[in-house]
Colleague: 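For reference, the structure I am asking about is given below.
So you know, we letter chains A, B, ... as the sequences are listed, proteins then strands, and number each from 1.
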Amino acid sequence: GAVVSQHPSRVICKSGTSVKIECRSLDFQATTMFWYRQFPKKSLMLMATSNEGSKATYEQGVEKDKFLINHASLTLSTLTVTSAHPEDSSFYICSAATQGYVEAFFGQGTRLTVV
Amino acid sequence: RKEVEQDPGPFNVPEGATVAFNCTYSNSASQSFFWYRQDCRKEPKLLMSVYSSGNEDGRFTAQLNRASQYISLLIRDSKLSDSATYLCVVSGNTGKLIFGQGTTLQVKP
């Protein structure tokens, strides 16, 4: 199946700093990528839909200025958590889809801890 | 009301047992339905797609009832390795997935 690579898998940062997470589709061109976050013992919650070459679409309640998404190419989307705070500590996962494709392939996830 | 609802469990069953998970969804325009499996601290992985005609893959059987907006997953002859969280997932035609809360299964020897 398709491969999606997410990096880093784990990051610890100080409060107030910014963290960038990369999501790459390795063997297909992903016109659309999705970013999710998951709190312990909770389900994945969609944060935003990232479209190549255009602005991301954010879900209700997600601050676009805090979670910056860039999808500059068909194989790479990045999520930057700006001015991170402890409450941003979570498991962030990306998934990728091609046009008309309904099965999602997920990155390995990034466990962010803000101290 | 959540878009996709599942009983979070946990379901604790002995090896060899048959266990069934249920899921309901609120958007009648939903087009695709899936069960994903998620192991602790890992990304979700597709277990199987769900069709109106029902589909079976080994010990796993999935059913979809569009009229009732209801999805089920049946696991027969449970193995220890089946212990995980099972996510009911619904999507439209954009690839955007809506996840249920997940149902935790613990199979005990």
Colleague: Between Gln6(A) and Glu43(B), do the side chains contain an N or O donor and an N or O acceptor separated by less than 3.5 Å?
Modeller: no
Colleague: Is Val114(A) linked to Phe91(A) within one hydrophobic cluster, defined over Ile, Leu, Val, Met, Phe, Trp and Tyr using a side-chain heavy-atom separation of less than 4.5 Å?
Modeller: no
Colleague: What part of Leu46(A) is in contact with chain B, defined as an atom under 4.5 angstrom from a non-hydrogen atom: side chain, backbone, both or neither?
Modeller: side chain
Colleague: Has His7(A) got more than 12 heavy atoms of other residues, nucleotides or ligands less than 6.0 Å from its NE2?
Modeller: no
Colleague: From Lys42(A) NZ over to Thr85(B) OG1, what is the distance, rounded to the nearest 0.5 angstrom?
Modeller: 12.5 Å
Colleague: Within a radius of less than 6.0 Å around CZ of Arg10(A), do more than 12 heavy atoms belonging to other residues, nucleotides or ligands occur?
Modeller: no
Colleague: Taking the side chain as every heavy atom from C-beta outward, state whether Gln108(A) and Lys42(B) have any pair of such atoms under 4.5 Å apart.
Modeller: no
Colleague: Any side-chain heavy-atom pair from Phe106(A) and Leu46(B) closer than 4.5 angstrom?
Modeller: no
Colleague: What do you reckon, is CD of Glu3(B) surrounded by more than 12 foreign heavy atoms closer than 6.0 Å?
Modeller: no
Colleague: Relative to chain A, which segment of Gln38(B) carries a heavy atom at a distance below 4.5 Å: side chain, backbone, both, or neither?
Modeller: side chain
Colleague: Cluster question for you: counting only ILVMFWY and a side-chain heavy-atom cut-off of under 4.5 Å, with indirect links fine, are Ile98(B) and Tyr86(B) together?
Modeller: yes
Colleague: How close do Phe99(B) and Leu44(A) get, heavy atom to heavy atom, and via which atoms?
Modeller: CB-O, 3.8 Å
Colleague: Report yes or no: do Phe60(B) and Phe21(B) belong to one cluster of Ile/Leu/Val/Met/Phe/Trp/Tyr joined by side chain heavy-atom distances under 4.5 Å?
Modeller: yes
Colleague: Report yes or no: does Ser43(A) contribute a side-chain atom to a donor-acceptor pair with the main-chain N or O of Gly100(B) at less than 3.5 Å?
Modeller: yes
